[in-house]
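Single-structure report; data block below.
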Amino acid sequence: MLQRPDLLRPAMRGAVFLVLGLLALPVLSQETPSPAPPSPVESNKALVRRYLEVLSGGDLATLGEVVSPDFSDRTPGAPAVKGPASIQETQRRARELFRDIRYTLDDLIAEGDHVVARYTVRAHRSGKPVEVMGMTLFRIEGGKIREAWVVNDQIELFRQLGYTLLPPAQP
């Protein structure tokens, strides 16, 4: 045991300050830092989620919130109309043939200004359920969807509707 109490006092004082400092750490760490803004990629993914919600809900008048006025559908056979009207026309035609169209998002992958969505479209035709898988590559510009390339499983759709695919007649 040490005989010199004058040497213990500075050491004890240092130990007390160390313990008090350690006790204060949890209090300091409880401060909640402000959340970081979402990355552009996460914002683009959220935009595509919102787009599919709009299509599922059928409120096509709100497409202008997510689709650029200069939108181009790059899918072969798509209407030549640009902007939200292009999607509204395609969806109008689909809703004449099918009722209760719903989109379920299955996968969402994004990099830079591109987002790929894999989804399942469910609807009814003549009382029969129809289910088709589709994928769309979106290009985002200025916080809105600027371009889209759509691929749907048309053969599966026709099969579910009762059509039979036949080879072409031999010449």
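Numbers for residues simply follow the sequence, beginning at 1. From a predicted model like this one, the values you see are computed outputs, not experimental measurements.
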Do R95 and Q91 have side-chain N/O donor and acceptor atoms under 3.5 Å apart?
yes
Could you check whether any side-chain heavy atom of V121 comes within less than 4.5 Å of a side-chain heavy atom of R102, counting everything from C-beta outward?
no
Evaluate R50 against E65 for salt bridge (Lys or Arg N to Asp or Glu O under 4.0 Å), listing each step before the verdict.
CA-CA 9 Å; R50 175 72 182 122; E65 296 173 12; 3.6 Å; yes
Taking V150 as the fixed residue, which of L137, T90, T136 is the one that meets the side-chain contact (heavy atoms from CB on, under 4.5 Å) rule?
T136
No-hydrogen, no-angle side-chain donor-acceptor test under 3.5 Å, D106 and T120
yes
State whether R49 and E53 are salt-bridged, where the test is any N-O pair (Lys NZ or Arg NE/NH1/NH2 against Asp/Glu carboxylate O) under 4.0 Å.
no
Is there a donor-acceptor contact under 3.5 Å from the side chain of R125 to the main chain of V130?
no
State, yes or no, whether a side-chain contact exists between I109 and V115 at a heavy-atom distance under 4.5 Å.
no
Any non-hydrogen side-chain atom of L55 less than 4.5 Å from a side-chain atom of I101?
no
Given side chains that start at C-beta, do those of F71 and I87 come closer than 4.5 Å, heavy atoms only?
yes
Is the backbone of I140 close enough, under 3.5 Å, to the side chain of N44 for a donor and an acceptor to pair up by distance?
no
So, the side chain of S68 versus the backbone of I145: is there a donor-acceptor pair under 3.5 Å, distance only?
no
Is there a side-chain contact between V66 and V48 in this structure, where contact means two heavy atoms from C-beta onward sitting under 4.5 Å apart?
no
With a sphere of 6.0 Å drawn around CD of E111, does it hold more than 12 non-hydrogen atoms of other residues, nucleotides or ligands?
no
Is a side-chain N or O of S86 found less than 3.5 angstrom from the main chain of G83, in a donor-acceptor match?
no
Before accepting this row, confirm whether a basic side-chain N of the pair K45/E42 lies closer than 4.0 Å to the acidic partner's carboxylate O.
yes
Main chain of E131, side chain of Q160: is a donor-acceptor contact present, judged purely on distance under 3.5 Å?
yes
Could you check whether any side-chain heavy atom of F98 comes within less than 4.5 Å of a side-chain heavy atom of L161, counting everything from C-beta outward?
yes
Within-4.5 Å side-chain heavy-atom neighbours: L157 and N152
no
4.5 Å side-chain heavy-atom contact, E156 and M133
no
Are Y119 and I155 linked, directly or through intermediate hydrophobic residues, by side-chain heavy-atom contacts shorter than 4.5 Å (ILVMFWY only)?
no
Go through Q88 and L63 one step at a time and tell me if the side chain to side chain contact (heavy atoms under 4.5 Å, CB included) criterion holds.
CA-CA 8 Å; Q88 290 167 337; L63 278 170; 3.7 Å; yes
Within this structure, what is the CZ-CG distance for the pair F138 and L47, rounded to the nearest 0.5 Å?
8.5 Å
Report the C-alpha separation of D100 and H124 in whole Å, then their side-chain angles, then the decisive distance to 0.1 Å, and conclude whether the side chain to side chain contact (heavy atoms under 4.5 Å, CB included) test is met.
CA-CA 6 Å; D100 302 327; H124 289 86; 3.9 Å; yes
Is there a path of hydrophobic side-chain contacts, each under 4.5 Å between heavy atoms, that joins Y103 and L105?
yes
Could you tell me whether the side chain of R146 and the main chain of D70 form a donor-acceptor pair under 3.5 Å?
yes
So OG of S72 and NZ of K82: to nearest 0.5 Å the spacing works out to 2.5 Å
If hydrophobic clusters are built from ILVMFWY residues whose side chains come within less than 4.5 Å, do L52 and L108 share one?
yes
Given 3.5 Å as the limit, does a donor-acceptor pair link the side chain of D73 with the main chain of T75, or not?
yes
